[in-house]
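In what follows, a structure is listed as structure tokens, so that the remarks can point back to it.
Numbers here simply count residues along the sequence, with the first being 1.
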Amino acid sequence: MSATAARTPAAARPPAAARTRTKKPPGLTPAPGNLLDWCDGNHFDRWQDHPCALCDQPTPMRSHTGEPVHMSCAEAWIAANPTEARRGRFASDAQAGRRRGDDHA
């Protein structure tokens, strides 16, 4: 199967309004050297790649603000800019660390 055959035709895609997801509030910015937790589907745009804000390579990944960025680039940026990272440019999901089934007493 060729790369063009695997793509969904534009006519078959849901309209942009249907693809828009509700933005959840961001969680905490991880400490430099720690990993981001981007498990929420809002961090992935399966319809279009955009250039990463940090390395200019195409990526389907999005930050919690919708900025196109590879998760590894965001983690490297946090490690290189710890003071500025506290402003929350890149943050983990709000429910990061909570596993399913951990809601019992």
Side-chain angles (χ1 to χ4, degrees):
M1 179 183 273
S2 70
T4 56
R7 291 189 176 172
T8 305
R13 293 181 194 158
R19 289 182 291 182
T20 304
R21 296 180 181 162
T22 308
K23 298 266 190 237
K24 293 182 180 179
L28 300 175
T29 300
N34 288 352
L35 301 176
L36 287 164
D37 185 342
W38 283 357
C39 294
D40 189 273
N42 288 329
H43 293 289
F44 185 76
D45 182 355
R46 69 182 210 183
W47 301 110
Q48 188 168 10
D49 288 357
H50 289 288
C52 174
L54 302 173
C55 75
D56 289 328
Q57 296 298 312
T59 181
M61 298 299 295
R62 304 291 184 264
S63 71
H64 63 281
T65 61
E67 182 178 15
V69 63
H70 296 104
M71 189 165 66
S72 59
C73 290
E75 290 165 349
W77 183 87
I78 290 169
N81 303 284
T83 304
E84 192 174 344
R86 289 187 216 140
R87 294 185 184 143
R89 180 178 182 186
F90 304 117
S92 289
D93 292 339
Q95 294 293 323
R98 184 175 179 198
R99 291 178 278 154
R100 290 182 196 161
D102 282 356
D103 57 350
H104 62 280

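Under the side-chain contact (heavy atoms from CB on, under 4.5 Å) test applied with Phe90, the options Thr65, Leu54, Asn81 reduce to a single match, Leu54. Each of His50, Met61, Arg62, Arg89 was checked for a side-chain contact (heavy atoms from CB on, under 4.5 Å) with Glu67, and the lone residue meeting it is Arg89.
Taking each heavy atom of Asp37 and Ser92 in turn, the nearest pair found is N-OG, 3.1 Å. Scanning all heavy atoms of the two residues, the minimum distance from Thr59 to Val69 falls at CG2-N, 3.7 Å. In this structure, Pro32 and Pro82 approach most closely via the heavy-atom pair CG-CB, 3.5 Å.
Atom-to-atom distance recorded for Cys52:SG and Trp77:CH2 is 12.5 Å, nearest 0.5 angstrom.
Counting heavy atoms from C-beta on, the side chains of Leu35 and Glu75 come closer than 4.5 Å. In this structure, the side chains of Asp40 and His64 stay at 4.5 Å or more apart for every pair of heavy atoms.
Here the side chain of Trp38 pairs a donor or acceptor atom with the backbone of Ala91 at under 3.5 angstrom. Between the side chain of His70 and the backbone N or O of Pro58, at least one donor-acceptor pair lies under 3.5 Å.
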